[in-house]
Amino acid sequence: MLLIDCPYCGKRPEVEFHCGGEAHIARPETPTAVGDADWGSFLYYRTNPKGVQAERWLHGHGCGRWFNALRDTVSDAFVATYEMGKPRPDRDAATASTPSNA
Amino acid sequence: MSQPFRRPSGGRIDRSRPLAVTFNGKRLEGFAGDTVASMLIASGQHLAGRSFKYHRPRGILSHGSDEPSALLSVDWRADRGPGYRDPNNRASVVEARDGLVVNTQNHWPSLETDIGAVNDLLSPVFVAGFYYKTFMWPRKFWDRVYEPVIRKAAGLGEAPDVKDADRYSNRHAHCDVLVVGAGPAGLAAALAASADGTKRVILADEGSEPGGALLNDTTATIDGRPAKEWVAGAVATLDARENVVILPRTTAFGYYNHNHVCMVERISDHRADAPEGLARERLWQVRAGEVVLATGSHERPLVFENNDRPGIMLAESVRAYLNRWAVLPGNELVVVTSSASAYRTALDAKAAGMRVSIVDIRLEADCGPEFAAAKDAGITVRSGHTVIRALGKKRVTGLVVSPIGRDGTIGEKTTLACDCVAMSGGWTPSVHLFSQSRGKLRFDVELDAFVPGTSAQAERSAGACRGVYDLTEVIADGAKAGGGELAPEATASFTGFQPVRVLPTDADASKVKAFVDFQNDVTAKDIRLAVREGFESIEHVKRYTTTGMATDQGKTSNMNALGLVAGILDRPLPAVGTTTFRPPYTPVSFGALIGPARDELFDPVRKTPIDPWAEANGAVFEPVALWRRAKYFPRVGEDMHAAVARETRAVRTHVGIFDASTLGKIEVIGPDAAEFMNRIYTNAWTKLKTGGCRYGLMLREDGFVYDDGVVARLAEDRFHVTTTTGGAPRVMRHMEDYLQTEWPDLDVFLTSITEQWAVIALQGPNARKVLDPFVTDIDLTEAAFPHMTVKTGYVCGVPCRLFRVSFTGELGFEVNVPADYGEAVWKTLYEEGQKHGITPYGTEAMHVLRAEVGYVVVGQETDGTVTPDDLGLSGLVSKVKPDFVGKRSLTRPDMIAAGRRQLVGLLTKTPDEVLDEGAQVVDDPAQPIPMKMIGHVTSSYASSNCGRSIAMAMIDAGRERIGETVFVTTPAGFTEAVISNAVFYDVKGETADA
Amino acid sequence: MLERNLARRAPTVSPLVSEASVTVRPLDPQGRLAFRIKPAALAGRGTIDGFDLTGAINSRTSPEADSGMRTALRLGPDEWMLITAADEVDERCEAISAALTGVPHSLVDVSHRDVGFSVEGPGADVVVNAGCPIDLAAKAFPAGSATRTILGKAEIVLARLAADRFTVTTWRTFAPYVQGFLVEATRS
Ligand SMILES: [Zn+2]
């Protein structure tokens with residue numbers, strides 16, 4: 001079970017959360033002005049990266065807030081969490097500490 | 001049975017507390033501190049089971065949780081009745097106590113005489129890949145012949161056939177440092193981590209007491225004291241520290257993300273005095289800041305012919321039985337080894353009075369100080385020797401050994417008589433949990449083992465589980481992992497071994513049964529065959545031969561199998577790969593995983609405030625999401641069909657009363673509430689006046705129908721929104737999502753009020769008459785209170801939100817009262833209603849009634865691919881609003897394409913035939929298979945009010961095809977039906993819309 | 001007016017109090033108001049109608065020492081649960097609305113939605129941790145903490161009044177489950 005650092009509540013267990021998919025996909029200001037292909041991309045196309053991805057999480061069984069997180073899809077490490085509306089932090093997986101058995 | 005092989009003194013058993021268990025119906029004696037395995041050995045019994053495939057006699061191989069062979073069925077509380085038995089308990093870890101009833105497995109009619117042993121003679125049939133090869137053909141044999149036979153023969157032990165009578169509990173725990181394993185490394189780590197008192201430390205060990213391998217040791221000293229004194233001191237120190245929790249009998253079986261470690265604590269199995277009701281096991285879900293893995297290592301068996309004969313054991317296990325449990329595993333011991341550590345066993349056995357000799361695969365020159373120690377003790381050592389085969393059947397009686405020449409040739413054979421063999425092929429670090437944590441393993445050639453490489457989580461491995469074997473180094477390694485620096489000095493250990501995959505032999509390798517995996521009966525021959533047939537990756541070999549796939553997870557077999565494959569392929573071992581270790585480390589009972597989640601605690605059952613009345617009045621219930629709802633109220637002698645017919649008629653002729661409390665309800669408040677509603681729903685809300693109601697349709701952004709419900713405007717800035725019963729949570733989430741992430745500028749707040757209000761629906765021509773006497777401040781007349789309006793006031797003297805709405809087409813009211821008052825108000829209305837023919841109806845009648853008038857149910861008519869127009873509801877979609885969720889998608893090409901599946905009615909040619917919901921619709925039943933499906937039935941009922949069956953269906957371009965005949969699948973084939981409009985009943989009298 | 005059907009507020013699924021040292025007791029009905037307001041809109045108002053709104057997220061404030069008549073649980077950045085006497089709900093609503101005239105906010109009576117239990121006694125934290133996955137150590141969740149979280153398969157609001165004293169609040173239909181779960185946990 002993941003441990004997720006809610007920007008409002010701190011680290012809380014995954015069962016309190018709901019993942020809402022990739023973040024920073026803005027709903028077009030005027031949808032009717034968007035062409036079919038672009039609207040299709042908005043609806044259905046996601047980057048699905050191997051590595052760090054920005055995604056939306058809802059602390060539903062907690063403070064009730066949606067927020068964004070950078071999660072490494074390979075290691076499941078959370079690189080950062082941040083409030084909705086804030087820009088994506090300029091960080092990558094390297095900042096997630098990995099202890100070693102050396 | 002007495003205890004002829006019990007040593008007169010020593011061991012960690014309490015001779016003042018004798019006990020007895022029932023073993024295969026016989027009395028087996030022992031002492032407190034014994035395991036069933038040590039009691040068997042004390043009695044001289046090594047035969048402890050029959051093997052999986054060949055039904056070969058098997059003994060006790062190990063002294064720990066890696067035991068692959070001595071598996072027992074244990075009835076833990078035979079005195080308390082059924083429900084306390086489970087199979088496949090390892091005899092080596094079943095703590096003995098009075099009252100245990102244990103039985104060996106996998107034999108018939110008895111352990112001594114097992115018919116299944118014929119499989120041993122038929123073994124050429126049971127080669128690697130046997131299942132895949134044998135059962136492929138002929139195909140039709142599978143169901144009738146192969147599967148039943150396999151089902152009967154496969155599997156170890158007998159699954160319980162009654163409900164588990166025990167209780168299990170669950171606990172979430174947090175700590176700064178979790179130490180797994182309380183051997184020397186784990187104890188040192190826990191001591192160091194807890195020293196300054198600031199860190200919460202949990203120390204868990206699967207054994208009955210802390211100490212690990214030191215419990216088997218009578219000669220080592222630590223800090224100048226006997227090792228067991230050091231252990232006792234360490235445990236006392238830890239016990240005294242308030243920041244430390246020591247958990248014996250607790251197996252960490254799963255290492256998950258973000259240092260979430262699951263452990264099972266065995267609470268009562270070992271206690272004869274366990275009070276009834278005490279939980280049997282507890283699941284610990286630990287979240288640790290750091291994890292120290294001090295999980296030790298597993299000894300490797302040696303692979304030679306008949307290495308599975310009872311009496312042949314792992315060397316360290318022989319030592320453990322001698323020292324910890326004070327039993328002699330025999331009188332005449334041969335130690336067969338390629339590892340220095342086994343010499344300790346030889347020395348201890350000699351000291352215990354056994355006749356001992358050593359057969360060492362290594363040359364004398366490759367040995368360390370252990371060689372001289374053995375010589376000094378007067379033990380014969382045959383170095384540079386191999387074992388050709390073991391003799392004996394139900395007990396080993398001798399070993400055929402021979403020197404190995406320089407070129408690997410087999411020399412002159414000698415037979416060594418013995419009744420016990422201690423074998424050691426070296427050690428395999430227990431990297432299971434490390435591997436589960438997604439840490440990367442590294443192959444260490446020196447250690448001939450996979451050891452922890454790069455950690456993936458805040459974890460450190462210490463001691464033997466990362467290939468550190470010398471006691472002084474082990475303790476230092478543990479202390480360091482716990483954040484400490486100082487560690488005591490201990491006596492030097494005999495370390496080092498020479499890897500041997502299969503002992504050299506001159507026998508025909510294709511005929512010899514030399515076991516690699518004892519539990520799954522996989523021999524070296526099977527593995528050779530698998531490789532020859534092209535299975536080169538260890539993952540493939542594993543699946544083909546099943547090696548390492550039994551409940552012991554290949555703890556003893558893994559490295560030998562890997563080494564063997566690497567040897568045959570002549571590749572370096574890491575190139576063959578290692579298997580991925582998955583949870584659980586050892587088998588875990590379903591009870592522990594489930595914990596309290598059974599019976600009434602399996603799932604919350606949500607009951608409305610009116611549920612007690614429904615129950616008292618004979619309602620038949622059905623689950624709807626987590627709710628239980630009254631489905632119908634049968635009278636004596638009525639089946640569902642009759643009850644629903646009566647209930648639906650009553651609504652159209654008199655009045656029905658229905659519990660609608662489960663409807664989702666959301667209060668939407670704020671100056672921007674109407675704007676928010678405009679954006680979330682397809683319809684327009686700005687013009688809805690305070691006191692008005694409107695049916696709202698909600699789409700997802702992709703344009704498909706998501707939910708629906710009646711919405712009331714209570715004030716300029718306040719809406720009372722209703723949702724479907726099942727949709728309430730997701731609608732709330734959907735709304736909150738848009739509010740927070742897309743339109744944070746809107747001043748709107750959402751509150752779930754589903755459970756604040758009990759909802760009583762009165763539907764039917766007499767609805768107003770029933771309500772009238774209890775309403776003083778609301779004018780119920782049509783003029784003052786028309787359809788689709790809402791008023792607040794009092795009903796039966798309690799505050800009420802009264803809706804004039806209908807889901808039946810009839811005159812209808814929905815009485816919302818605070819939940820605590822719900823049952824009392826219901827009863828009052830029901831009593832009054834007697835004068836007016838009131839009839840309680842359930843969800844089934846509700847469904848029929850709404851279908852009669854063509855109302856859809858989201859989730860029944862819709863499936864996430866249905867647009868408003870598909871339902872014939874395009875009138876509810878605003879053309880003037882510039883935007884709402886889903887609007888843009890409604891004009892995508894596929895959404896407006898011709899031929900979309902549309903909602904229509906279906907009338908069977910035979911009026912009383914009721915179609916199956918979900919049944920497929922085709923144009924031509926004679927067409928070849930696969931047929932072209934043109935739609936499916938979404939709702940179907942016998943309608944008493946219509947005097948025939950009615951059905952709704954989604955049919956390709958259905959609205960253009962009204963009047964046409966189609967064919968609908970039935971269990972018997974097809975039946976004919978005519979496409980119709982989806983409204984089946986004309987409401988008479990004062991209708992909802994009058 | 002009908003008698004409030006108090007007996008149904010916390011239906012029993014198993015004996016209320018086991019022989020265990022931790023007791024699980026249904027709380028008397030309380031007035032509960034779901035209160036929402038954007039922090040900026042509070043514009044410096046620390047207290048409204050006696051409810052102290054200055055607490056941090058996931059905290060509980062109760063100005064009149066332990067009386068429970070004006071308790072505010074801050075469950076999110078813009079969300080509070082206000083707890084008052086069962087018969088003072090209307091007064092509180094009027095007073096709060098009056099104090100916030102013209103200020104966007106939301107105040108909803110949910111007194112009948114929620115059912116509370118007290119969990120008290122040495123080891124109460126362990127009982128809660130039988131189904132609640134959050135860290136209840138004194139450092140992580142001290143007295144005065146309150147949060148929405150999970151108990152087994154139900155959502156709850158957990159508040160800590162003292163080291164060995166918690167209240168667990170849940171929606172009424174989840175109450176029998178929550179009560180049964182807690183009582184079961186006291187037995188182990
Ligand atoms: Zn949160």
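Just so it is clear, the structure is predicted and the values come from calculations on it, not from any experiment. Numbers restart at 1 for each chain; the letters A, B, ... are given by sequence-line order, proteins then strands.
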Under a 4.5 Å heavy-atom cut-off, does chain B meet the side chain of [X], its backbone, both or neither?
{"X": "A:L2", "value": "both"}
{"X": "A:L43", "value": "side chain"}
{"X": "A:Y44", "value": "side chain"}
{"X": "A:R65", "value": "both"}
{"X": "A:S75", "value": "backbone"}

Within-4.5 Å side-chain heavy-atom neighbours: [X] and [Y]:
{"X": "A:M1", "Y": "B:Y256", "result": "no"}
{"X": "B:D883", "Y": "A:R27", "result": "yes"}
{"X": "B:P882", "Y": "A:T32", "result": "no"}

Is there a side chain to side chain contact (heavy atoms under 4.5 Å, CB included) between B:N257 and A:E14 once you walk through the steps? CA-CA 10 Å; B:N257 273 313; A:E14 184 186 351; over 6 Å; no
If we ignore hydrogens and angles and just use 3.5 Å, is the side chain of B:H260 paired with the main-chain N or O of A:L3 as donor and acceptor? no
Counting heavy-atom pairs under 4.5 Å to chain B, which of A:F42, A:F67, A:W39 comes out on top? A:W39
Heavy-atom pair of closest approach, residues A:W66 and B:T741: CB-CG2, 3.8 Å
Is A:D38 salt-bridged to B:R888, going by a charged N under 4.0 Å from an acidic O?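 Here A:D38 does not pair with B:R888 in a salt bridge, since their nearest N and O are not under 4.0 Å apart.
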